[in-house]
Every structure is written in structure tokens, then in C-alpha cells.
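Count residues from 1 along the sequence.
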Amino acid sequence: MTSNREIHLARRPEGWPTEDTFRLVETDVPTPGPGQIVVRNQYVSVDPYMRGRMNDVKSYVPPFALDAPLDGAAVGEVVASESPDISVGDTVLHGLGWREYALLDANRARTVDASIAPASAYLSVLGMPGLTAYAGLLEVAALKPGETVFVSAAAGSVGSLVGQIAKLKGAGRVIGSAGSAAKVERLRALGFDAAFDYHDGSVRDSLRTAAPDGIDVYFDNVGGDHLEAAISAMNLHGRVAICGMIAQYNATEPPAAPRNLALVIGKRLTLRGFLVNDHNDVRATFVQDVAGWLREGKLSYDETVVDGIENAPAAFLGLLRGENLGKMLVRV
């Protein structure tokens, strides 16, 4: 193969991205220099945080450049190597997705064992979503046995794992919100004690019904009315691990909620945002625990797979609309 296809950012969206936000570009397959490798990507990840990188604003990660390939987590096979540390045929995890072939320095890739789990798992349960769920629940929110946990976007790649890990770590009750009846049923099958479709009524009323005695931990992937409802339902000394706020990623006006932040004072709540890369110190423990749970059949994960790099924009837009169950991936 001498042809390489990439997805470039064609323009910065205002509000919701559209198909013409992106451009499919054909280039040559790159040739590695000293210390470099070329990876034939097998799966690339699309993630909600990427929407923020489409804006030209200062953030914790640089914005995507116009008329250049987007990037993100990917896993694939090394097809050329000029590094003594990584060989042709190795499966590696790296950060140059949204393209068929990636050229990168070998020290920017991590070899993974595709005999332990499918390669795609290193973008989901054994990758960033899994570590986000694990560290956010156990390190940031400091879950204690017997506590009640509420998870928003609970059928997504992170939320579905948060709920299961909470049960495995002794939570007394786990509640999830999702965007369809089918997703609610999936949450119940995963062991959530209660689940509701946030389209069926106010989140505050649905949460009150599901957690009449209040909640102790809220894992926030949504923000907005979900965060407001969680604050109202919080017990004294409750903790909120704020992972994402997808409800406002495409908003052009300031969010209307939460309007009840004064409750944080009297309830002595802790609201803490976090980034997964702050918790690499627990990666070894995370891998050990999760690999064990997978091996024992105690942990399940879902993937929604879209075929073809040309369909990566559609997969990303579908992710923002909530069309995925579990991790949204593009099979290259």
C-alpha cells in the first residue's frame, strides 16, 4: 500500500459539528526515520473531549489545527520500524488516530498484548475509558463500601464501567441515567440497581425515585441538569467526580444549570474535576484488577464499531448524539 487516508479539520464548528467540519485527504504512506515506526491503524477512537479541541481556545490540551489531521487514541500493527525497541508485527497503542497509517517516534507508542484481549479493548476497558472510570470512582470520588452511586451517561464507555466497578468495590446501590429504553435495559443487565431514561421526565424527579435515601457519589459525564439533580440528591459530605460535561459541548449559550450550587456549602460537598492522565500512578493496579475481572467474567464492556476511516466523522457525530452503546470505535 502506498496510499494513506486521513481525516483533517476543515473548519471550526459553531455549535454542532457537521460533515463539512471534516475533510478526507489522501496522502502517501510515510517512511520512518531513525527511532520511528509506521503503524497500520486497526481501530481509532472518537471521544467527546475531541469536540473541545475543535475550538481555537486555550485548554488542557492544544486545539486541533485547521487543514491538518486530527489525532486521538489508536491501536494498530507496526508495519515498518527503525527502532530497536519496537518490531514489525508488534501491536501498539498510540495517539495518532483519524488516519490509516501513522508515523511516530517509537517512544510515543506502547506495545500491548493482543493475546490477552482484543486490540480494540486497549481503547476501551483496558485503555483510557477504563482508567478514567477506575481512577475517577476510587481515587477522585473515594467510594466507600455501602455508598449509593449515581452515574450519568451510564451506557457509555466510561459510565458503564463506573457502575460495574462500583458494584465490584462494594457500593450499596448504583443508579444510572441513559438516553433510551434499550440503554436502560442494558444497564440493568450490567448489574445497575436502578436506571432511567432522562427523556422520560425531569432528571431530578427520576433520581429522587431511584435514590429515595439520597446519593453519596456522583460520577458526572454530562453536567447541566444532571449535575443540578445530583447536588440536590447529595447526602452530607457527598463527592462529585467531574469527568465530562457533554450536555454543553455544542452549546452556544451559557448553561442554565446547575442553579443550586449554594447547597454545596451546607451539605459540605466536594466537586472535583479530573483528567485521566493525572492518575497514571494507579495504572498498574487498574490493569491488574480489570484484567482479573475480565478473566473471571465479572466485568463486561460494549463497543459500537463503525467501519472505514472515511466514516470517522459520522462516528464522531453519532457519539455526540448518543448513538453508541459503550465505546465508539472506527475499524480502519
Side-chain angles (χ1 to χ4, degrees), residues 45-55 57-64 70-75 92-97 104-105 107-110 112 121-144 147 149-154 156-166 168-169 171 216-223 226-227 230-231 234 237-249 264 268-291 293 299 301 319 327-328:
S45 176
V46 293
D47 299 285
Y49 82 90
M50 294 174 174
R51 174 60 187 86
R53 294 188 66 193
M54 294 176 186
N55 300 329
V57 296
K58 185 177 181 179
S59 184
Y60 61 88
V61 62
F64 292 127
L70 292 88
D71 58 62
V75 65
V92 297
L93 180 68
H94 63 92
L96 293 182
L104 65 151
D105 292 339
N107 61 9
R108 306 288 291 180
R110 178 165 60 91
V112 297
Y122 291 96
L123 296 176
S124 58
V125 65
L126 286 171
M128 182 268 287
L131 182 58
T132 301
Y134 186 93
L137 180 67
L138 304 180
E139 297 288 310
V140 178
L143 173 70
K144 302 180 184 67
E147 291 188 319
V149 178
F150 172 44
V151 188
S152 58
S157 61
V158 174
S160 59
L161 298 175
V162 172
Q164 294 179 82
I165 293 170
L168 288 165
K169 290 293 187 177
D216 304 293
V217 167
Y218 172 46
F219 196 105
D220 189 16
N221 293 300
V222 172
H226 278 73
L227 179 56
I231 289 171
M234 275 280 171
H237 303 292
R239 288 93 60 208
V240 180
I242 302 177
C243 171
M245 293 192 175
I246 196 170
Q248 61 195 62
Y249 287 170
V264 171
R268 284 83 97 194
L269 306 182
T270 298
L271 280 65
R272 181 179 168 192
F274 74 100
L275 300 177
V276 65
N277 288 338
D278 296 337
H279 299 277
N280 284 320
D281 59 314
V282 301
R283 183 180 294 276
T285 304
F286 151 72
V287 171
Q288 180 179 346
D289 281 351
V290 169
W293 291 330
L299 188 68
Y301 65 100
L319 171 73
K327 181 72 182 122
M328 180 69 90

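Heavy-atom minimum distance, A74 versus G97: CB-CA, 3.7 Å. Summarising the geometry of G223 relative to Y218, their closest heavy-atom pair is N-OH, 4.4 Å, with the distance given to 0.1 Å. What you find for M128 and T132 is that their closest heavy atoms are O-OG1, 2.7 Å. The shortest non-hydrogen separation linking V151 to G163 is CG2-N, 4.3 Å. The two residues L137 and V162 come nearest to each other via the heavy atoms CD2-O, 3.7 Å. The minimum heavy-atom distance linking R108 with H94 is given by the pair O-CB, 3.9 Å.
For the atom pair CG (L138) and CZ (F286), the distance works out to 11.0 Å, reported to the nearest 0.5 Å. From Y134, atom OH reaches atom CG of D289 across 3.5 Å, with rounding to the nearest 0.5 Å. Here L131 contributes atom CG and T285 contributes atom OG1; the two are 10.5 Å apart, rounded to the nearest 0.5 Å. The CE atom of M245 sits 5.5 Å away from the CG atom of D220 when rounded to the nearest 0.5 Å. The CG atom of L96 sits 11.5 Å away from the CG atom of L70 when rounded to the nearest 0.5 Å. Once rounded to the nearest 0.5 Å, the distance linking CG of L271 with CD1 of I242 reads 4.5 Å.
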How far apart are the C-alpha atoms of D216 and L143, what are their side-chain angles, what is the distance that settles it, and do they pass the side-chain contact (heavy atoms from CB on, under 4.5 Å) test?
CA-CA 8 Å; D216 304 293; L143 173 70; over 6 Å; no

Mind running side-chain contact (heavy atoms from CB on, under 4.5 Å) on M50 and F64 for me, showing each step along the way?
CA-CA 9 Å; M50 294 174 174; F64 292 127; 4.0 Å; yes

Verify side chain to side chain donor-acceptor pair (under 3.5 Å) between Y49 and D47, making sure each step is shown before the conclusion.
CA-CA 6 Å; Y49 82 90; D47 299 285; 4.8 Å; no

Step by step, work out the side-chain contact (heavy atoms from CB on, under 4.5 Å) result for V240 and L269.
CA-CA 8 Å; V240 180; L269 306 182; 5.7 Å; no

Quick one: do K169 and V149 satisfy side-chain contact (heavy atoms from CB on, under 4.5 Å)? Show the steps, please.
CA-CA 11 Å; K169 290 293 187 177; V149 178; over 6 Å; no

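Judged purely by atom type and a 3.5 angstrom limit, K327 uses its side chain to pair as donor or acceptor with the backbone of V46. The closest donor-acceptor contact from the side chain of N221 to the backbone of S152 lies under 3.5 Å.
Every residue meeting the side chain to side chain contact (heavy atoms under 4.5 Å, CB included) condition with A241, not counting sequence neighbours, appears here in chain and number order: V140, A141, F219, F274.
A heavy-atom distance below 4.5 Å is found between the side chains of P48 and L319. With a 4.5 Å cut-off on side-chain heavy atoms, Y301 and Q164 do not count as touching.
Under the side chain to side chain contact (heavy atoms under 4.5 Å, CB included) test applied with N55, the options R53, K58, R51 reduce to a single match, R51.
Contacts classified as salt bridge (Lys or Arg N to Asp or Glu O under 4.0 Å) and involving residues 276-287 (residues at least two apart or in different chains) are not found.
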